[in-house]
A.B. asks: 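Below are the C-alpha cells for one structure; questions will follow.
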Amino acid sequence: MAPGVNEPPRLLHIFGVLKRAFGPQHWWPAEDGAFEVMVGAILTQNTAWSNVERAISALRAQDCLSPERIISLEHDALANMIRPAGYFNVKARRLSRFCQWYLDKGGYAALSEWPDGGLREALLAVHGVGPETADDILLYAFNRPVFVVDAYTRRFLSRLGLVAEDIGYEALRAFAESTLETMPRPDRVALYNEFHALIVAQGKSICRPKPRCGECCLSRHCPVGQDALADG
DNA sequence: ACCCAGGGTCATA
DNA sequence: TATGACCATGGG
C-alpha cells in the first residue's frame, strides 16, 4: 500500500481519541488579536507558554502590543519587557524585524489577500521565522489550512509508528496534510487548529515525567495510545 | 542540581 | 548536508 493511503481515518480516529481525552483546547481564540498570535508564535520558540504569557502581559501593560509601538522601542527596552520569555536579546531582534516586515507589507488586511503558499514563503524569508513559527502564524493568525509540526508532533506520530523518528519537518507536514486533503477548507483549518493543540496537551500531560524516555507517550504503556492505535 | 520548554541561526567539517 | 553551539527564563 502506498504511504498515506488509508491514513485519513486513522488520523481522524486519533484526533477523536485525543479530543475525548483532553477536551477542547481553545488555543489563541478569536478574541485575541491576530497580531498577538504572531507575537506569541515568535516568543514561544523553544519556550514554555507560561513564560510567554508573562512577556505578552508586560507588553500589554506598557501598551506595546502593536507593531508600531514595538518597532519604536529601543532594543534594551523591548528586551527587558520580554525578558520572562527567555532568549530576550534574540527574540527582541526577531520581533522588531518581524514587525517591520509586517508594516512594510501593509499589515493584516493586506497580508490576508496573499495566497497560502506565497504568504508562507514570505514569512519564512523573515529572519527569525522558521517553519514552525511560520505555520503557527499561518494557521492561528491567518486561518490557513496548515498542519503545524513541532517536537511533540514528531514524537507522537513516530511513537504511533506512523512516521520515522527522524522525519524532516516538510515531510511530516506533507504527510499530515495530504492525508486530510479531501476535507473542505474551513473544516481543515478548524481540525488542524485543534489537532495541534491536542498533541501538545497530550505531550505535556503524559510525557511529563520522562519526556524523552521513548516508552511513554502513546506507545504500548499508555492507555491513550492503545485507543489511538486501535482500528477505528 | 538537573532537565525541559509550542525553535532558529550560524559556524564548522 | 549534517551536526554542534548558542541563546536564557521559569517550572517540575
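Naming: A, B, ... by sequence-line order, numbering from 1 per chain.
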A.B. asks: Give, for atom CZ of A:Arg173 and atom OG1 of A:Thr153, the distance between the pair rounded to the nearest 0.5 Å.
C.D. replies: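 Spacing of CZ (A:Arg173) from OG1 (A:Thr153) equals 12.5 Å.
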A.B. asks: So, using ring-ring contact (aromatic ring centres under 6.0 Å, His included) as the criterion, who are the partners of A:Tyr192 when residues are at least two apart?
C.D. replies: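 Expected list: A:Phe147.
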A.B. asks: Please state how far atom OH in A:Tyr152 lies from atom P in B:dA5, giving the value in whole angstrom units.
C.D. replies: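 The answer, rounded to whole Å, is 5 Å.
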A.B. asks: Starting at CG of A:Leu43 and ending at C1' of B:dG6, how long is that distance when rounded to a whole Å?
C.D. replies: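 Answer to the nearest Å: 12 Å.
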A.B. asks: Nearest of C:dT9, B:dG6, C:dA8 to any side-chain atom of A:Asp150?
C.D. replies: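 In terms of side-chain proximity for A:Asp150, the closest of C:dT9, B:dG6, C:dA8 is B:dG6.
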A.B. asks: With a non-hydrogen cut-off below 4.0 angstrom, is A:Asn51 in contact with a base, only sugar-phosphate, or nothing?
C.D. replies: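 Here A:Asn51 touches the bases of the nucleic acid.
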A.B. asks: Treating primed atoms plus P, OP1 and OP2 as sugar-phosphate and everything else as base, which nucleotides of nucleotides 8-13 of chain B get B, S or - for protein heavy atoms under 4.0 Å?
C.D. replies: BSS---
A.B. asks: What is the separation between atom CG on A:Asn46 and atom C1' on C:dG10, rounded to the nearest whole Å?
C.D. replies: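 Between C1' of C:dG10 and CG of A:Asn46: 13 Å.
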A.B. asks: So A:Pro24 and A:Glu194, do their side chains get closer than 4.5 Å, heavy atoms only?
C.D. replies: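 A side-chain contact under 4.5 Å exists here.
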A.B. asks: With rounding to the closest Å, how many angstrom separate the P atoms on C:dG4 and B:dC4?
C.D. replies: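 Taking atom P in both C:dG4 and B:dC4, they lie 16 Å apart.
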A.B. asks: Quickly work out the A:Ile82 CD1 to C:dC7 P distance and round it to whole Å.
C.D. replies: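 Result: 16 Å.
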A.B. asks: Find the distance A:Arg154:CZ to B:dG7:C1' and express it as a whole number of Å.
C.D. replies: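 Distance, rounded to whole Å: 11 Å.
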A.B. asks: First locate atom OH of A:Tyr152, then atom CG of A:Leu198, and finally report the distance between them rounded to the nearest 0.5 Å.
C.D. replies: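 The OH atom of A:Tyr152 sits 13.5 Å away from the CG atom of A:Leu198.
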A.B. asks: Restricting to ring-ring contact (aromatic ring centres under 6.0 Å, His included), what partner residues turn up for A:Phe15, sequence neighbours left out?
C.D. replies: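 A:Phe15 satisfies ring-ring contact (aromatic ring centres under 6.0 Å, His included) with A:Phe195 once adjacent residues are dropped.
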A.B. asks: Which ranges of DNA chain B pair up as stems, where a stem means three or more consecutive Watson-Crick or G-U pairs with both distances under 3.5 Å?
C.D. replies: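 Looking at DNA chain B, the stems formed by three or more consecutive pairs are B:2-5 with C:9-12, B:7-13 with C:1-7.
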A.B. asks: Given the P atoms of C:dC6 and B:dG6, what is the spacing between them in whole Å?
C.D. replies: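 C:dC6 and B:dG6 have their P atoms separated by 24 Å.
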A.B. asks: Counting just side-chain N and O atoms, does A:Arg155 come under 4.0 Å of either OP1 or OP2 of B:dA5?
C.D. replies: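 Indeed, a polar side-chain atom of A:Arg155 lies that close.
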A.B. asks: Quick one: side chains of residues 87-99 of chain A, donor-acceptor pairs under 3.5 Å with protein atoms, not counting sequence neighbours, listed by atom name and distance.
C.D. replies:
{"unit_1": "A:Tyr87", "atom_1": "OH", "unit_2": "A:Asn46", "atom_2": "ND2", "d": "3.0"}
{"unit_1": "A:Asn89", "atom_1": "OD1", "unit_2": "A:His75", "atom_2": "NE2", "d": "2.9"}
{"unit_1": "A:Lys91", "atom_1": "NZ", "unit_2": "A:Leu43", "atom_2": "O", "d": "2.6"}
{"unit_1": "A:Lys91", "atom_1": "NZ", "unit_2": "A:Gln45", "atom_2": "O", "d": "3.3"}
{"unit_1": "A:Lys91", "atom_1": "NZ", "unit_2": "A:Thr47", "atom_2": "OG1", "d": "2.7"}
{"unit_1": "A:Lys91", "atom_1": "NZ", "unit_2": "A:Ala85", "atom_2": "O", "d": "3.1"}
{"unit_1": "A:Arg94", "atom_1": "NH1", "unit_2": "A:Gln45", "atom_2": "OE1", "d": "2.6"}
{"unit_1": "A:Ser96", "atom_1": "OG", "unit_2": "A:Ala92", "atom_2": "O", "d": "3.4"}

A.B. asks: To the nearest angstrom, how far is A:Leu95 atom CG from B:dG7 atom P?
C.D. replies: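 So the CG-P distance, A:Leu95 to B:dG7, works out to 16 Å.
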A.B. asks: Between A:Phe88 and A:Arg54, which has a closest nucleotide on DNA chain C that is more 5'?
C.D. replies: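 The answer here is A:Phe88.
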A.B. asks: Quickly work out the A:Trp49 CH2 to C:dG10 C1' distance and round it to whole Å.
C.D. replies: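 That distance rounds to 15 Å.
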A.B. asks: A:Ile14 and side chain to side chain contact (heavy atoms under 4.5 Å, CB included): which single residue from A:Leu12, A:Leu18, A:Val17 fits?
C.D. replies: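 Output: one option passes, namely A:Leu18.
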A.B. asks: Specify the separation, in whole Å, of atom CD1 of A:Ile56 and atom C1' of B:dG6.
C.D. replies: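 It works out to 12 Å between those atoms.
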A.B. asks: Work out how far the C1' atom of B:dC3 is from that of C:dA8, and round it to whole angstrom.
C.D. replies: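 It comes out at 15 Å once rounded to the nearest Å.
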A.B. asks: Can you find a pair of side-chain heavy atoms, one from A:Ile199 and one from A:Val148, that are under 4.5 Å apart?
C.D. replies: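 SC-SC contact between A:Ile199 and A:Val148 ruled out.
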A.B. asks: Using every non-hydrogen atom in the two residues, find where A:Glu177 and A:Val146 come nearest and quote the distance to one decimal.
C.D. replies: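 Minimum heavy-atom separation between A:Glu177 and A:Val146: OE2-CA, 3.4 Å.
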A.B. asks: Please list all pairs passing the ring pair (Phe, Tyr, Trp, His ring centres under 6.0 Å) test where one or both residues lie in residues 103-133 of chain A, with sequence neighbours left out.
C.D. replies: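 Qualifying pairs, neighbours excluded: A:Tyr108-A:Phe142.
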